[in-house]
Amino acid sequence: MYLDCERSRLMSTFPPIADYGFLSNCEQNCLVAPDGSVEWLCLPRPDSPSVFGALLDRAAGLFRFGPGNTHVPQHRRYVPGTMVLETTWQTPTGWMVVQDFLAMGPVQHEGRRPDYHRAPADFGAVGALVRVATCISGRVEVAVNCAPLFDYGRTGGTWSYQGDGYDAMTIAAAEGDVHLDLAGTVPLGVLGARCYGRTSLAEGQSAFVALSWGGGHVPASQEEAFSALNCTVDFWRGWLSSAKIPDHPWKTYLDRSALTLKGLSYAPTGAIMAASTTSLPETWGGARNWDYRFTWIRDSAFMLRSLYRLGFDWEAIEYWGFVIDAVRGEDLHRKPELQIMYGIGGERDLTEHTLDHLSGYRGARPVRVGNGAWNQQQHDVWGMILDALDVQFRYGAGQIVAPVWEGLATFVEAALQHWHEPDQGIWEVRGDPKHFTASKMMCWVAASRGADLAEERGDEERAKRWRAGADEIRAEILDKGVSERGVFRQHYETDDLDASLLLLPIMGFLPPDDKRIRATVLAIADELTDDGLVLRYRVEGTDTGFAGKEGTFTICSFWLVTTLAMIGETERARALCQKLLSFAGPLQLYAEEIDTSTGEHLGNFPQAFTHLALIEAVSLLIESDQPANRAASFG
């Protein structure tokens, strides 16, 4: 009884994961709770220790800006086409709108940054979180409560005034070199570890605060705050205007997914993070809590395909640049070292440790930093990077220079050398290695895509040898990876299903009209789902290394939409897609999983891979709709 009461208390103090707003300037990002509190901000990079960490422990720091006597907003939305969060408040005495944004502004090219490896754009991160409140009716009081705790809540600091007035303060961590400046039009004071203040606004009046940590131009007046708002809105809308997104009722989901992927990018290197958070639980109160603030090679082909599909060629090229840098380093002649994931600066050692002083989101512990899967043996990685290379090469990003080609050829050779061996699989299970069918298939992808590319380059010897290797892998999968009922199996020692098998038609292992592909897709739809949404696997039949159930994996559900459409089950695919879109968070964002019993999102947030799978599935269905739509418009 006590544990049930404690869990209920924890759930009531933490907002649902999907209710957080996500802000980004492509160098930092943060999460804003519905009550106006910034509960997650890491500095100076998104994978650095948190400055505000209330997301993972209610005592680990937050920054609230909103009405002092109201905590439930009337409405929240993004300013359309942007990463500017707009919250409307109704208070007992009036109405107020708050606009929150990580400011974007003109880049001052005063000197080269040693951490900036990509070509700087004309506009970039200012290094400031700007919050603007405007009274739109009656009279309102706006309050500031800024309580940073550095190093994941372990280190405090001391506030001090700047200048002669009460409108600017600064704080530096007692240890480390992170410091924050808070300034604006609200008079400020100090109460223990927090900086606080309040001011009253009549209809038409505004107030702002700007929290800054960088060297960019930070708004110093109300006029400059509105100018920064307009500049940030223009930046995001200008970026989105280059997208090739069709006019369709589902367009807003594609817009938000594109903006989210851009927001998860790290401009200095071109990396795109899997998610902005660590340790949001995949199971309520469970131990499946991972750090996702890294780049997985597995995402690469899907990332490039989606970026090119939507018309973001520049982002695709820069992301590919990050992948090459991470794998090769700065020396193109150095032997490449491929692992399943890298830090957003190309770091290789992502050793995992726990933060035992943090209570975790809704009591889910441990809180982890780093990711212990970084040095796992996962055979899909060779296929994923060769598929990414194939996507990049076919879309005209330029010829592959000889040193890079020779290095990438070693990945095909590695796939052909190791495909016979068991591995941890695409889901990074921490149990014993198995002969996972999807892993074998991805080795086939490595050899098949490698052979295609070798043929295009005139490398006939490799093309012939790699094609023969691909044929050998395919033959074994068709012999050992199919059950007696003609359905692909999770691994060679079981007839259990696995959602990763949906990649077989997506990756072109067999054509969609193959009876084994059709049987597998329908079996997953009928037998590996919970209320129509897809599970990765049945936990009772898979040695994951952890106890407890999982939610449905939204990535896999969108894969099912794609594969149902591929096998001709278009209406079933459309119905599932509509259901998945109805599960989107209030701001059209997705975490990793969905609990079908409550509709709540589980896992790290927002999740890039989920939005990638959404882009692929929704785009495919929109394309299938277009002939009918054109006919209707002229009917």
Side-chain angles (χ1 to χ4, degrees), residues 10-11 13-24 28-35 37-42 46-47 50 52-58 60 62 76 78 83 85 100 102 152 253 256-266 272-286 288-296 299 344 358 360-364 367-369 371 533 536 550-558 580-581 583-596 598-615:
L10 286 169
M11 292 186 72
T13 59
F14 285 85
I17 290 171
D19 284 6
Y20 283 93
F22 172 62
L23 304 181
S24 174
Q28 294 90 25
N29 55 63
C30 67
L31 295 183
V32 186
D35 74 347
S37 295
V38 174
E39 295 190 0
W40 187 246
L41 172 64
C42 299
D47 58 349
S50 65
F52 303 119
L55 177 73
L56 298 178
D57 190 307
R58 303 319 271 169
L62 56 77
R76 298 168 79 225
Y78 284 107
M83 294 290 284
L85 182 64
D100 294 320
L102 284 165
Y152 298 112
Y253 294 94
R256 184 50 50 194
S257 292
L259 288 163
T260 301
L261 293 179
K262 179 68 170 177
L264 288 169
S265 69
Y266 184 63
I272 300 178
M273 295 188 299
S276 71
T277 58
T278 179
S279 299
L280 292 182
E282 296 177 9
T283 304
W284 294 127
R288 290 188 177 95
N289 316 315
W290 317 114
D291 193 347
Y292 273 21
R293 296 172 297 166
F294 308 113
T295 292
W296 268 256
D299 297 1
I344 59 174
L358 296 177
Y361 176 85
R362 295 187 178 179
V367 172
R368 292 182 170 90
V369 173
N371 196 300
L533 305 186
R536 290 193 294 182
E550 285 188 344
T552 61
F553 252 62
T554 312
I555 306 160
C556 303
S557 296
F558 278 116
L580 286 165
L581 296 179
F583 276 112
L587 296 169
Q588 294 186 329
L589 300 176
Y590 288 86
E592 188 170 33
E593 303 181 22
I594 293 173
D595 182 342
T596 56
T598 64
E600 284 202 76
H601 289 225
L602 294 162
N604 285 306
F605 178 84
Q607 169 72 243
F609 213 171
T610 303
H611 286 276
L612 289 171
L614 181 155
I615 290 169

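Keep in mind the model is a prediction, meaning the values are calculated, not measured.
Contact detail for Pro606 and Leu264: the closest heavy-atom pair is O-CD1, 3.7 Å. In terms of heavy-atom proximity, Leu580 sits nearest to Ser557 at CD2-CB, 3.5 Å. Across every non-hydrogen atom of Pro15 and Arg58, the tightest pair is CD-NH2, 3.9 Å. Smallest separation of non-hydrogen atoms from Ala584 and Tyr253: CB-CE2, 4.1 Å.
Scored by the ring pair (Phe, Tyr, Trp, His ring centres under 6.0 Å) test, Phe558 finds Tyr590 as partners (sequence neighbours excluded). Remark: Asp47 pairs with Arg45 by the salt bridge (charged side-chain N to carboxylate O under 4.0 Å, His left out) rule, at least two apart or across chains. With sequence neighbours excluded, the residues that form a ring pair (Phe, Tyr, Trp, His ring centres under 6.0 Å) with Phe553 are Trp427. Partners of Tyr361 according to the ring pair (Phe, Tyr, Trp, His ring centres under 6.0 Å) rule, which considers only residues two or more places apart in sequence or in another chain, are Phe14. For Tyr20, the ring pair (Phe, Tyr, Trp, His ring centres under 6.0 Å) test picks out no residue, with sequence neighbours left out. Ser265 meets the side-chain hydrogen bond (donor to acceptor under 3.5 Å, both in side chains) test with no other residue; sequence neighbours excluded. Remark: Arg536 engages Glu550 in a side-chain hydrogen bond (donor to acceptor under 3.5 Å, both in side chains) (not counting sequence neighbours). With sequence neighbours excluded, the residues satisfying side-chain hydrogen bond (donor to acceptor under 3.5 Å, both in side chains) with Asp57 are Ser359. Residues forming a side-chain contact (heavy atoms from CB on, under 4.5 Å) with Thr598 (at least two apart in sequence, or on another chain): Asp595, Glu600. Partners of Asp19 by salt bridge (charged side-chain N to carboxylate O under 4.0 Å, His left out), not counting sequence neighbours: none found. In this view, Asn29 satisfies the side-chain hydrogen bond (donor to acceptor under 3.5 Å, both in side chains) rule with no residue, not counting sequence neighbours.
Put simply, the side chain of His601 gets close to the backbone of Ala591: a donor and an acceptor are under 3.5 Å apart. Checked by atom type and distance alone, the side chain of Arg368 pairs as donor or acceptor with a backbone atom of Asn289 at under 3.5 Å. The closest donor-acceptor contact from the side chain of Ser276 to the backbone of Phe605 lies under 3.5 Å. Distance alone, capped at 3.5 Å, is enough to place a donor-acceptor pair between the Ser24 side chain and the Gly263 backbone. A distance-only check finds no donor-acceptor pair linking the side chain of Ser50 to the backbone of Trp40 [under 3.5 Å].
Counting heavy atoms from C-beta on, the side chains of Leu602 and Trp284 come closer than 4.5 Å. Residues Leu614 and Leu581 are in side-chain contact: their nearest non-hydrogen atoms beyond the backbone lie under 4.5 Å apart. Counting heavy atoms from C-beta outward, Thr278 and Tyr292 have side chains that stay 4.5 Å or more apart. A 4.5 Å side-chain heavy-atom check between Leu23 and Val38 finds every atom pair outside the cut-off. The closest side-chain heavy-atom distance from Asp291 to Val367 is not below 4.5 Å. Annotation: side chain of Thr283 is not in contact with side chain of Glu593 (no heavy-atom distance under 4.5 Å). Between Arg362 and Pro16, some side-chain heavy-atom pair lies under the 4.5 Å cut-off. Looking at Met273 and Pro46, their side chains come closer than 4.5 Å, going by heavy atoms from C-beta outward.
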(request) List the steps, then state whether side-chain contact (heavy atoms from CB on, under 4.5 Å) holds for Phe22 with Leu31. (result) CA-CA 5 Å; Phe22 172 62; Leu31 295 183; 3.9 Å; yes
(request) Evaluate side-chain contact (heavy atoms from CB on, under 4.5 Å) for Leu55 paired with Leu280, printing each intermediate quantity in order. (result) CA-CA 9 Å; Leu55 177 73; Leu280 292 182; 3.9 Å; yes
(request) Tell me, with the steps shown, if Arg256 and Leu589 meet side-chain contact (heavy atoms from CB on, under 4.5 Å). (result) CA-CA 7 Å; Arg256 184 50 50 194; Leu589 300 176; 4.0 Å; yes
(message) Could you go through Leu533 and Thr554, starting from their C-alpha distance and side-chain angles, then the distance that decides it, and tell me whether this counts as side-chain contact (heavy atoms from CB on, under 4.5 Å)?
(response) CA-CA 7 Å; Leu533 305 186; Thr554 312; over 6 Å; no
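A distance of 9.0 Å separates CD1 of Ile344 from CZ of Arg293, quoted to the nearest 0.5 Å. How far CG of Leu62 is from CG of Asp35: 8.0 Å, rounded to the nearest 0.5 Å. With values rounded to the nearest 0.5 angstrom, Cys30 atom SG is found 7.5 Å from Asp100 atom CG. Note that CD1 of Ile272 and CG of Asp299 are 9.0 Å apart. Values are rounded to the nearest 0.5 Å. Going from atom CG of Leu358 over to atom OH of Tyr152 covers 9.0 Å, rounded to the nearest 0.5 Å. Atom CG in Leu56 sits 10.0 Å away from atom CD in Glu39 (nearest 0.5 Å).
Among residues at least two apart or in separate chains, side chain to side chain donor-acceptor pair (under 3.5 Å) pairs with a member in residues 602-615 are Ser257-His611, Thr277-Asn604.
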